[in-house]
Amino acid sequence: MCVRRSDGVGNVGGMNDQFSTLLLAVATETPILNLRRRILSPAPPLRTRSRPQPSNHLIMDPRTATDYSLASPLDVDEDGSFTINQLKRGSSDAPFERFSETVREYVALFLSSTFLIAFMAFVIAICAMDKVNKMGGGGPHGPDDHWKMRCQNLGTATYGDDVFSYGGHHYQVVGGHWAKLTWRMAEMDAWSRCYKGKVGKLAMVNSAEENEMLVAKLHAHGGYSSVGGGDAAWLGGADLETEGTWQWLGDSGSYAGETFLKGNVPYKGAYNNFRAGEPNNNGEEDCLKMDPDGQWVDDSCYKQYQYFFVEFEK
């Protein structure tokens with residue numbers, strides 16, 4: 001503000017100078033001028049959150065703490081700050097190390113879990129086998145006989161094969177030239193069959209007449225083939241309990257039934273029809289097979305033949 005000086009009226013000029021100074025001082029503190037000053041003044045630089053600077057006084061996990069005063073320039077970003085993983089691990093390799101550690105933990109967890117599951121499965125299998133043995137699952141055994149109870153409930157289950165009788169016993173001829181049956185398969189199949197509530201088993205032969213009857217039934221079967229010398233059939237004899245001691249499967253289903261040959265000598269006059277030079281136990285041959293001509297040989301229990309004979313308990 002400008003006030004004209006007048007020398008004709010006292011000391012008006014001096015007062016005007018003082019008044020002008022006062023007005024200027026007051027005016028410079030007004031909000032309007034302050035606002036104008038803020039608008040016209042350059043804006044301060046934006047503040048951004050910077051990463052924490054390395055310090056020897058940081059409170060960190062002692063397992064991962066690092067003296068950052070010794071860090072090389074390669075351990076910091078372009079702006080001179082450390083990354084979070086570098087602060088945690090003190091190395092630019094920290095993410096990879098952490099990943100490797102996680103993988104190791106998961107692998108260890110997987111292996112321990114697999115071992116636990118396998119162990120539990122083993123225990124369950126042992127318990128199941130024990131239960132099956134007590135129930136007679138590997139063959140009839142005692143009052144809790146699984147197969148006997150099954151046949152008592154079913155009555156008859158012959159699976160379509162004809163049943164014929166001889167000497168007060170009932171039999172079946174099962175198979176065909178297309179079949180491939182091991183002795184163990186035949187054994188289990190025979191046990192699963194029922195006739196009038198009686199359990200089946202692989203047949204035993206006590207006389208030459210009974211043997212001839214079975215041979216005739218074998219040849220008369222609709223699936224029999226004479227090609228290649230003819231089809232063979234499994235009988236219920238084996239020396240599985242004691243090598244050289246041949247026994248029939250008993251009505252109880254055990255392998256320790258009636259002995260009919262011991263040391264290649266008929267036991268107490270029992271009947272057998274082994275071919276000359278048999279049994280020879282050539283390569284662990286423990287099961288009894290009937291050839292197409294009716295003669296017997298010992299053979300591997302896991303070889304495959306076309307037929308087997310079933311005999312039902314009395």
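Note: hydrogens, waters and symmetry copies are ignored here, and every other heavy atom, side chains too, is used. Bear in mind the structure is a predicted one, so any value in this text is a computation, not a measurement.
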### Heavy-atom closest contact (T259 atom, T245 atom, distance)
CG2-CG2, 3.8 Å

### Query
Counting N and O atoms only, with roles assigned by atom type, does the side chain of T156 sit under 3.5 Å from a partner on the main chain of K196, one being a donor and the other an acceptor?
yes

### Query
Do Y267 and E258 have side chains that get closer than 4.5 Å, going by heavy atoms?
no

### Message
Quick check: Y271 with W296 (ring centres under 6.0 Å apart)?
### Response
yes

### Task
Would you check if the side chain of E311 reaches a backbone N or O of H169 as a donor-acceptor pair within less than 3.5 Å?
no

### Message
Under a 3.5 Å cutoff, is there a donor and acceptor pairing between the side chains of D299 and Y305?
### Response
yes

## Note on the structure
Closest non-hydrogen contact found for A190 with L202 is CB-N, 3.7 Å

### Task
Taking all non-hydrogen atoms of both residues into account, name the closest pair between L214 and L235 and its distance.
CD1-CD2, 4.4 Å

### Task
Please confirm whether K217 makes a cation-pi placement over Y171, using NZ or CZ under 6.0 Å from the six-membered ring centre and within 45° of the ring normal.
no

### Minimum side-chain heavy-atom gap Y159-V174 below 4.5 Å
no

### Query
Which value, rounded to the nearest 0.5 Å, describes the distance between L288 atom CG and M204 atom CE?
11.5 Å

#### Entry: Under 3.5 Å donor-acceptor, D231 side chain and Y224 backbone
no

### Query
Counting N and O atoms only, with roles assigned by atom type, does the side chain of N272 sit under 3.5 Å from a partner on the main chain of F274, one being a donor and the other an acceptor?
yes

### Message
Main chain of Y302, side chain of R184: is a donor-acceptor contact present, judged purely on distance under 3.5 Å?
### Response
no

### Query
Got a donor-acceptor contact below 3.5 angstrom from the D291 side chain to the V297 backbone?
no

#### Entry: Nearest atoms (heavy-atom pairs only) where Q306 meets A179
O-CB, 3.5 Å

### Query
Taking W234 for the side chain and L181 for the main chain, is one N or O donor matched with an acceptor at less than 3.5 Å?
yes

### Message
Using every non-hydrogen atom in the two residues, find where D189 and S192 come nearest and quote the distance to one decimal.
### Response
O-OG, 2.7 Å

### Message
Under a 3.5 Å distance rule, please check whether H219 uses its side chain to pair with a backbone N or O of P292 as donor and acceptor.
### Response
yes

### Query
When rounded to the nearest 0.5 angstrom, what distance separates CG in D239 from CG in D286?
4.5 Å

